[in-house]
Amino acid sequence: MKYNRCGKSGLLLPQISLGLWHNFGSVDNFENGESIIKEAFDKGITHFDLANNYGPVPGSAEENFGKILWHNFQGNRRDQIVISTKAGYTMWDGPYGDWGSRKYLLSSLDQSLKRMKLDYVDIFYSHRFDPETPLEETMMALDYAVRSGKALYAGISNYNAEQTREATAILKQLGTPCLIHQVKYSMFVREAEAGLLDVLEEKGVGCIAFSPLAQGLLTDKYLKGIPENSRASNPNGHLQLEEVSEQKVLKIIALNEIAKNRNQSLAQMALAWLLKDNRITSVLIGASSVGQLNNNIDSLQNLDFSQEELKAIETILG
């Protein structure tokens with residue numbers, strides 16, 4: 001595992017981080033999740049990413065992660081792990097369980113620490129921009145989280161380029177620099193290239209890409225259409241059926257041919273494609289099994305692309 005400096009900070013993050021968005025909630029097999037996390041750490045993944053509402057049920061991923069920590073990572077091992085959590089999406093009913101107020105963010109952080117049985121997290125994020133709350137209030141909450149010792153670093157997620165520019169300026173003025181931005185970024189979702197990555201580079205902020213496999217589209221799962229038990233076949237899933245269009249499948253098939261010529265799976269090539277950009281600190285993968293985890297980690301064996309490969313990929317993506 002190689003570790004990249006996160007922006008201009010002193011913190012190093014692994015090129016691949018593990019996210020607990022799926023597969024670690026109360027509806028999932030606890031022992032399987034525990035095995036994935038232990039294997040990830042053994043393979044050099046030191047960064048584990050959560051949010052208050054991960055589950056289902058909301059909060060249960062943090063609870064399970066806390067149990068796994070205390071079963072397997074006692075003593076100074078906590079000092080070898082970077083743990084992040086977030087608040088910004090709906091967590092509980094009523095006027096104080098959503099968006100970006102100081103009230104919600106700091107209450108949520110306290111709850112997250114209690115669920116994970118931790119004194120602090122390494123990174124605390126504002127999970128999304130709140131158009132109804134002054135940005136100064138949201139950033140002051142992140143600043144307080146750090147100054148109170150409940151977080152070591154502040155981060156933002158799902159902010160556009162201009163919002164990011166404003167947020168980083170406020171945090172710098174407060175004396176708590178923005179460490180990292182977590183953005184949705186993949187071969188199929190490239191809005192980050194329209195200014196955001198440039199702002200992050202200019203401001204010295206790290207970048208971690210979530211959904212790097214486009215909710216499973218950039219895997220061999222959809223080469224022959226929509227299989228049963230896939231995210232696209234689940235009416236409650238985040239990947240909608242209409243996203244798996246015939247045109248999209250043709251692109252997946254063409255990309256897979258390039259991956260095969262690189263001796264990689266499509267998923268491995270998709271992760272390597274993101275990591276070719278030195279502005280990307282880490283890619284955030286999910287995993288439903290130890291085997292899937294290791295397959296993704298193997299993407300690090302070939303991160304180099306020829307100009308011909310890059311041109312062919314751009315032609316396919318259009």
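Nothing here was measured: the structure is a model prediction, and the numbers come from that model.
- No donor-acceptor contact under 3.5 angstrom links the side chains of Gln15 and Ser282, judged on distance only.
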Enumerate donor-acceptor pairs with a distance under 3.5 Å from any side-chain N or O in residues 133-142 to protein atoms, sequence neighbours excluded.
| from | atom 1 | to | atom 2 | distance (Å) |
| --- | --- | --- | --- | --- |
| Thr133 | OG1 | Asp130 | OD2 | 2.6 |
| Glu137 | OE2 | Arg102 | N | 3.0 |
| Thr138 | OG1 | Gly100 | O | 2.7 |

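- Judged by a 6.0 Å distance limit and a 45° cone about the ring axis, Lys150 is not positioned over the six-membered ring of Tyr120.
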Test side chain to side chain donor-acceptor pair (under 3.5 Å) on Ser108 and Asn52; report intermediate values, then the result. CA-CA 7 Å; Ser108 178; Asn52 56 356; 2.9 Å; yes

Start with the C-alpha distance between Lys260 and Glu257, add both sets of side-chain angles, then the distance that settles salt bridge (charged side-chain N to carboxylate O under 4.0 Å, His left out), and finish with yes or no. CA-CA 5 Å; Lys260 285 197 293 187; Glu257 288 302 310; 3.0 Å; yes

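- Within the model, atoms CD of Gln182 and SG of Cys207 stand 9.0 Å from one another, a figure rounded to the nearest 0.5 Å.
- No hydrogens or angles considered: a donor-acceptor pair under 3.5 Å links the side chains of Asp49 and Ser84.
- Within the cation-pi definition used here (under 6.0 Å to the ring centroid, within 45° of the axis), Lys67 does not qualify as a partner of Trp70.
- At least one test fails for Arg77 against the ring of Phe41: distance under 6.0 Å to the centre or angle within 45° of the axis.
- In this structure, CH2 on Trp99 lies 12.5 Å from CG on Leu105, to the nearest 0.5 angstrom.
- A distance of 5.0 Å separates CD1 of Ile297 from CE of Met1, quoted to the nearest 0.5 Å.
- Under the 4.5 Å side-chain heavy-atom criterion for ILVMFWY residues, a single connected hydrophobic cluster contains both Leu293 and Ile16.
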With side-chain contact (heavy atoms from CB on, under 4.5 Å) as the criterion, how do Asn296 and Ile285 come out once you've worked through the C-alpha distance, each side chain's angles and the decisive distance to 0.1 Å? CA-CA 8 Å; Asn296 286 338; Ile285 65 166; 3.8 Å; yes

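- Side chains of Tyr159 and Ser126: a donor on one and an acceptor on the other come within 3.5 Å.
- Tracing side-chain contacts under 4.5 Å through hydrophobic residues (I, L, V, M, F, W, Y), one never reaches Tyr89 starting from Leu109; they form parts of separate clusters.
- For residues 276-295, there are no ring pair (Phe, Tyr, Trp, His ring centres under 6.0 Å) pairs, not counting sequence neighbours.
- Within a 6.0 Å sphere centred on NZ of Lys103, other residues, nucleotides and ligands contribute 12 heavy atoms or fewer.
- Rounded to the nearest 0.5 angstrom, His181 NE2 and Leu197 CG are separated by 9.5 Å.
- The environment of Phe30 atom CZ is dense: over 12 non-hydrogen atoms of other residues, nucleotides or ligands sit within 6.0 angstrom.
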For a salt bridge (charged side-chain N to carboxylate O under 4.0 Å, His left out) check, start with the C-alpha distance between Arg190 and Glu193, then their side-chain angles and the critical distance, and finish with the verdict. CA-CA 6 Å; Arg190 300 178 65 174; Glu193 296 171 3; 3.0 Å; yes

Could you walk me through whether Ile313 and Ile258 satisfy the side-chain contact (heavy atoms from CB on, under 4.5 Å) test, starting with their C-alpha distance in whole Å, then the side-chain angles of each, then the deciding distance to 0.1 Å, before giving a yes or no? CA-CA 8 Å; Ile313 289 169; Ile258 298 176; 3.8 Å; yes

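- In this structure, Tyr104 has its ring center closer than 6.0 angstrom to the ring center of Trp92.
- Checking Leu152, Asn4, Leu179, Asp122 one by one against Leu11, the side-chain contact (heavy atoms from CB on, under 4.5 Å) holds for a single residue, Leu179.
- Atom CD1 of Ile208 and atom OG of Ser17 lie 4.0 Å apart (nearest 0.5 Å).
- More than 12 heavy atoms of other shown residues, nucleotides or ligands fall within 6.0 angstrom of atom NZ in Lys276.
- Crowding of Asp42 atom CG: a count of heavy atoms from other residues, nucleotides or ligands under 6.0 Å exceeding 12.
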Might you work through the side-chain contact (heavy atoms from CB on, under 4.5 Å) test for Ser157 and Val183, ending with a clear yes or no? CA-CA 6 Å; Ser157 181; Val183 62; over 6 Å; no

Apply the test side chain to side chain donor-acceptor pair (under 3.5 Å) to residues Glu34 and Asn72: give CA-CA distance (whole Å), side-chain angles for both, the deciding distance (0.1 Å), then the verdict. CA-CA 9 Å; Glu34 185 174 42; Asn72 302 280; 2.9 Å; yes

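- Below 30°, between 30° and 60°, or above 60°: for Phe65 and Phe48 the angle between ring planes is between 30° and 60°, a tilted geometry.
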Using the rule given for side-chain contact (heavy atoms from CB on, under 4.5 Å), can you reason through Arg165 versus Glu202, listing the C-alpha separation, both sets of side-chain angles and the distance that settles it, and then say yes or no? CA-CA 9 Å; Arg165 187 180 293 279; Glu202 174 192 338; 3.0 Å; yes

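- Counted within 6.0 Å of CG on Asp93, heavy atoms from surrounding residues, nucleotides or ligands total 12 or fewer; the atom is thus considered open.
- By the side-chain hydrogen bond (donor to acceptor under 3.5 Å, both in side chains) test, Asp198 pairs with Arg279, sequence neighbours left out.
- For the atom pair Gln268 CD and Asp298 CG, the distance stands at 5.5 Å (nearest 0.5 Å).
- For Thr46 and Gln80, the side-chain atoms include no donor-acceptor pair closer than 3.5 Å.
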Salt bridge (charged side-chain N to carboxylate O under 4.0 Å, His left out), that's the test. Do Arg128 and Asp98 meet it? Break it down for me. CA-CA 10 Å; Arg128 62 171 167 172; Asp98 203 350; 2.9 Å; yes

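- The pair Asp143-Arg147 meets the salt-bridge criterion, since a charged nitrogen lies less than 4.0 angstrom from a carboxylate oxygen.
- Annotation: Phe210 is not in aromatic contact with Tyr185 [ring centroid separation under 6.0 Å not met].
- Between Thr219 and Leu266, every side-chain heavy-atom pair lies at or beyond the 4.5 Å cut-off.
- By the rule that hydrophobic residues join a cluster once side-chain heavy atoms approach within less than 4.5 Å of another member, Leu274 and Leu255 end up as members of one cluster.
- Follow the hydrophobic side-chain contacts under 4.5 Å out from Tyr153 and you reach Ile180 in the same cluster.
- Outside the 6.0 Å centre-distance limit, the rings of Tyr54 and Phe24 are not counted as a close aromatic pair.
- Other residues, nucleotides and ligands place no more than 12 heavy atoms under 6.0 Å from the CD atom of Glu246.
- By the rule that hydrophobic residues join a cluster once side-chain heavy atoms approach within less than 4.5 Å of another member, Met269 and Leu271 end up as members of one cluster.
- By the neighbour-count criterion of 12 heavy atoms within 6.0 Å, atom CD of Gln247 is sparsely surrounded, having that number or fewer from other residues, nucleotides or ligands.
- Lys86 forms no cation-pi arrangement with Phe124, by the criterion of a distance under 6.0 Å to the ring centre and an angle within 45° of the ring axis.
- Checking Glu39 against Asn294 by side-chain atom types alone, a donor-acceptor pair falls below 3.5 Å.
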